[in-house]
J.: 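Please see the structure below; I have some questions.
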Amino acid sequence: MTTTPPPRHSPCVHGMIYLAVLVAFAACDAPPVPLDDIVIEKTFVPEQCGRAVKVGDYVRYHYNGMFPDGKKFDSSYDRGSTYNVYVGKKQLIEGMDRALVGMCVNERRLVTIPPQLAYGKEGYGDVIPSDAILNFDVLLLDVWNPDDGVQSETYYTPENCSRKVEVSDYVRYHYNGTLLDGTLFDSSHTRLRTYDTYVGIGWLIAGMDQGLLGMCVGERRIITMPPSLGYGSNGDGSDIPGQASLVFDVVLLDLHNPKDGVTITNQDIPQPCLRKSISGDFIRYHYNGSLLDGTLFDSSYSRNRTYDTYVGKGSLIGGMDEGLIGVCIGERRRITIPPHLGYGEEGTGTKIPGSAVLVFDIHIIDFHNPSDTVVIITNYKPEVCETLAKKGDFVKYHYNASLMDGSFIDSTYNYGKTYNIVLGANQVRRHLVIPPHLGYGERGVDGEVPASAVLVFDIEMIEMEAGLPDGYMFIWNEEVSADLFTEMDADKDLQVLASEFSDYILRQVNEGKGRLAPGFNANLIIENMFSNQDRNGDGKITEEEFKLKADETPHDEL
């Protein structure tokens with residue numbers, strides 16, 4: 001059994017165990033030729049070399065030590081620990097001190113060291129004889145310097161960066177953590193969960209606290225730190241050995257500060273804006289909801305339906321309740337909401353993670369207040385307007401009907417005819433801008449008018465026929481005959497049948513002596529008038545039953 005050389009040239013035992021390929025040197029039968037200096041053969045050189053060992057650096061490396069005949073006398077692999085030491089400070093045999101200079105991480109060298117640069121004539125106990133030539137198969141795993149600080153290399157920068165990480169910000173990020181030789185020791189990606197923490201207040205190792213500062217959401221950077229800013233001389237007791245440099249490949253996904261409020265950006269405000277939303281309004285809007293890194297979590301467009309709700313009454317998350325105040329119909333805006341005004345530390349589970357900043361791109365379709373009444377705006381009025389439409393008048397008009405965002409609903413022009421109504425007779429409501437509770441309400445019209453939609457009608461009156469006084473369905477244009485019943489009784493049998501009554505009324509209308517209420521079915525009006533006069537309902541009117549309207553309580557008749 002061999003004895004390990006003294007600490008000056010023997011590795012100490014630390015956590016990580018590395019596999020190695022033992023390269024034996026062929027023994028030579030002929031007497032060895034004396035060497036004047038070390039001989040270095042580079043058996044592997046990595047494509048990229050971020051830095052090369054220089055005097056004063058601290059290194060971690062694996063090695064196999066052999067004699068020229070291939071006999072092994074020492075190995076860091078056998079001890080399961082790298083050899084960790086300063087270079088050029090006489091902590092190693094002189095030949096090794098010189099052989100390590102210029103090496104890159106993951107570089108492999110075969111080093112032959114003559115006796116005068118190793119243990120010379122004295123050798124080392126029973127392990128290394130006098131005047132022994134030593135061969136070392138060296139693999140460099142780590143290099144750093146006591147003067148090193150955090151090194152940050154950004155390899156992707158997003159086009160837009162509205163803010164950067166500052167001290168006391170709260171961040172969410174993904175990372176892969178490796179040693180300097182590329183050995184993976186941890187990854188948030190494998191856990192399928194971001195790492196969420198405050199920056200700059202001691203919640204992270206010092207190197208990460210420094211390395212995250214100045215990052216933008218969406219930025220990717222490599223953060224490299226020496227052990228003094230990582231896990232130091234002891235490592236983490238598991239996957240990170242002592243005195244190990246650490247490399248973190250980081251992508252920042254989210255950023256906010258506990259002092260943040262709702263932020264409104266990217267506003268597109270239509271002109272004119274006749275009114276802005278206030279607390280208590282009922283609003284309909286479309287939205288795309290995403291995380292700060294652009295990940296979409298919800299969209300009203302995908303459901304082909306607006307989101308309809310009251311504003312300022314706690315029906316929404318706090319940030320949206322605030323962000324929807326002061327909007328115009330047709331406005332587009334981006335509302336950015338910090339977690340404490342969104343879904344907080346818990347999130348919603350699958351779609352919105354805990355402590356996530358939310359971004360809503362919204363388009364206001366319409367809003368109204370339950371106290372709203374019909375708004376009438378006159379676009380054109382003739383210079384001469386002596387007769388104004390009133391309740392009971394029969395009007396003919398064209399209209400274009402739309403929603404507040406301009407979406408088409410209906411138009412009489414498509415049918416080539418006017419819409420004809422009697423004003424105030426509950427056939428249609430007066431209109432220009434009509435709130436839902438005076439239009440089609442919370443249900444709307446399936447396939448045509450959305451629920452809770454404000455309606456807009458552009459109306460052109462084409463023709464108007466004056467209506468009758470309130471409560472009348474027929475009036476005389478001249479003095480009423482003193483012998484009205486006798487005139488109706490065509491066959492003079494002292495009773496008026498329905499046919500006689502109808503013929504008489506229609507004749508008065510045709511001759512211009514009387515007028516029926518416009519916009520209604522004439523036959524139905526006459527039937528109603530006859531029924532009112534036929535007091536006993538026997539299908540005929542006697543002279544005792546017959547009365548004029550002025551002679552009794554109101555009826556829609558003579």
Side-chain angles (χ1 to χ4, degrees), residues 4-12 18-79 81-124 127-145 179-182 243 245:
T4 303
R8 188 168 67 90
H9 51 73
S10 294
C12 300
Y18 294 87
L19 298 178
V21 179
L22 177 64
V23 180
F25 289 85
C28 182
D29 295 334
V33 178
L35 296 177
D36 294 329
D37 203 350
I38 61 174
V39 177
I40 297 174
E41 178 185 356
K42 298 181 179 181
T43 57
F44 178 79
V45 178
E47 293 183 3
Q48 296 181 350
C49 181
R51 66 185 291 177
V53 177
K54 63 182 186 298
V55 173
D57 283 346
Y58 193 93
V59 297
R60 293 192 310 110
Y61 63 93
H62 268 306
Y63 72 90
N64 283 311
M66 296 158 289
F67 295 117
D69 64 357
K71 181 181 178 181
K72 181 169 65 174
F73 63 82
D74 192 17
S75 173
S76 63
Y77 296 101
D78 293 345
R79 291 187 296 276
S81 174
T82 57
Y83 193 73
N84 308 334
V85 69
Y86 283 100
V87 175
K89 292 190 175 183
K90 297 185 179 181
Q91 296 179 1
L92 294 163
I93 57 176
E94 184 178 352
M96 186 62 78
D97 240 355
R98 292 167 55 184
L100 291 172
V101 174
M103 284 192 77
C104 302
V105 172
N106 286 326
E107 182 178 339
R108 192 168 183 176
R109 290 182 175 183
L110 294 178
V111 182
T112 302
I113 303 177
Q116 68 272 19
L117 298 178
Y119 293 95
K121 294 185 178 299
E122 296 182 1
Y124 182 73
V127 180
I128 298 176
S130 174
D131 291 324
I133 296 175
L134 305 180
N135 298 321
F136 290 90
D137 182 357
V138 180
L139 174 62
L140 186 68
L141 300 179
D142 200 346
V143 55
W144 54 270
N145 193 281
L179 304 179
L180 208 59
D181 68 336
Q243 302 293 17
S245 300

J.: What distance do Cys104 atom SG and Lys42 atom NZ have between them, rounded to the nearest 0.5 Å?
T.: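 Here the rounded value is 7.0 Å.
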J.: To the nearest 0.5 Å, what is the distance between CD (Gln243) and CG (Asn84)?
T.: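 If I round to the nearest 0.5 Å, the distance is 6.5 Å.
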J.: Which atom names give the shortest non-hydrogen contact between Lys90 and Asp97, and what distance separates them?
T.: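 Answer, listing the atom of Lys90 first, then Asp97: N-OD2, 3.3 Å.
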J.: Has Arg109 got a side-chain atom pairing as donor or acceptor with Ala99's backbone, closer than 3.5 angstrom?
T.: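 Looks like yes, one N/O pair under 3.5 Å.
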J.: When rounded to the nearest 0.5 angstrom, what distance separates CG in Leu180 from CG in Leu140?
T.: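 Nearest 0.5 Å value for the CG-CG distance: 8.5 Å.
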J.: With a 4.5 Å cut-off on side-chain heavy atoms, are Pro114 and Ile38 touching?
T.: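 With C-beta onward as the side chain, the pair touches.
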J.: Roughly how far, to the nearest 0.5 Å, is NZ of Lys121 from CG of Asp131?
T.: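 Separation between the atoms: 4.0 Å.
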J.: Is there side-chain contact between Met103 and Val59, with at least one heavy-atom pair below 4.5 Å?
T.: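 When only atoms from C-beta onward are counted, Val59 and Met103 do not touch, as no gap falls below 4.5 Å.
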J.: If the plane angle is over 60° it's perpendicular, under 30° parallel, otherwise tilted; pick one for Tyr86 and Trp144.
T.: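 Ring orientation, 0 to 90° scale: perpendicular.
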J.: Less than 4.5 Å apart, any side-chain heavy atom of Leu141 and any of Leu179?
T.: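 Not touching, per the 4.5 Å side-chain cut-off.
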J.: Looking at side-chain heavy atoms only, is the closest gap between Val85 and Met96 below 4.5 Å?
T.: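 Contact flag for Val85/Met96 side chains = no.
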J.: Write down the atom of Glu107, the atom of Gly102, and the distance for their closest heavy-atom approach.
T.: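 So the minimum-distance heavy-atom pair works out to OE1-O, 4.0 Å.
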J.: So which atom in Phe67 and which in Val127 form the shortest heavy-atom distance, rounded to 0.1 Å?
T.: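 Of all heavy-atom pairs spanning Phe67 and Val127, the closest is CZ-O, 3.3 Å.
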J.: If every non-hydrogen atom of Tyr77 is compared with every non-hydrogen atom of Tyr63, which pair is closest and at what distance?
T.: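 Looking at all heavy atoms of both residues, the shortest contact is CD1-O, 3.6 Å.
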J.: Does Pro68 reach the side chain of Asn135, with side-chain heavy atoms less than 4.5 Å apart?
T.: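 Sidechains of Asn135 and Pro68: in contact.
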J.: In Å, rounded to the nearest 0.5 Å, how long is the span from CG of Asp78 to NZ of Lys72?
T.: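 Reported to 0.5 Å precision, the distance equals 3.5 Å.
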J.: To check you understand the geometry: which heavy-atom pair defines the closest contact between Ile113 and Leu117, and what is its length?
T.: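 Here Ile113 and Leu117 meet closest at CG2-O, 3.5 Å.
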J.: Counting C-beta onward and ignoring hydrogens, is there a side-chain heavy-atom pair between Asp74 and Arg79 closer than 4.5 Å?
T.: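 Result yes, sub-4.5 Å side-chain heavy-atom pair found.
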J.: Can you measure from CD1 (Ile133) to CE (Met66) and round to the nearest 0.5 angstrom?
T.: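 It comes to 13.5 Å.
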J.: Of all the heavy-atom pairs spanning Phe136 and Ile93, show the shortest one and how long it is.
T.: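 Taking Phe136 first and Ile93 second, the nearest heavy atoms are CE1-CD1, 4.2 Å.
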J.: Donor-acceptor pair, Asp137 side chain versus Asn64 backbone, under 3.5 Å?
T.: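 Not at all, since once roles are kept as given, no pair shorter than 3.5 Å links the two residues.
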J.: Using a 4.5 Å cut-off on heavy atoms from C-beta on, say whether the side chain of Val105 contacts that of Val143.
T.: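 The answer is yes, as the side chains (C-beta and beyond) meet within the 4.5 Å cut-off.
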J.: Between Asn106 and Asp181, is there a donor-acceptor pair closer than 3.5 Å when you use the side chain of the first and the backbone of the second?
T.: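 Answer holds: yes.
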J.: What I'd like to find out is whether the side chain of Phe44 reaches to under 4.5 Å of the side chain of Leu139, using heavy atoms alone.
T.: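 Result no, sub-4.5 Å side-chain heavy-atom pair not found.
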J.: Taking atom types as modelled, find out whether Tyr58 and Asp142 have a side-chain donor-acceptor pair closer than 3.5 angstrom.
T.: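 No, because no side-chain N or O of Tyr58 sits under 3.5 Å from a partner of the opposite role on Asp142.
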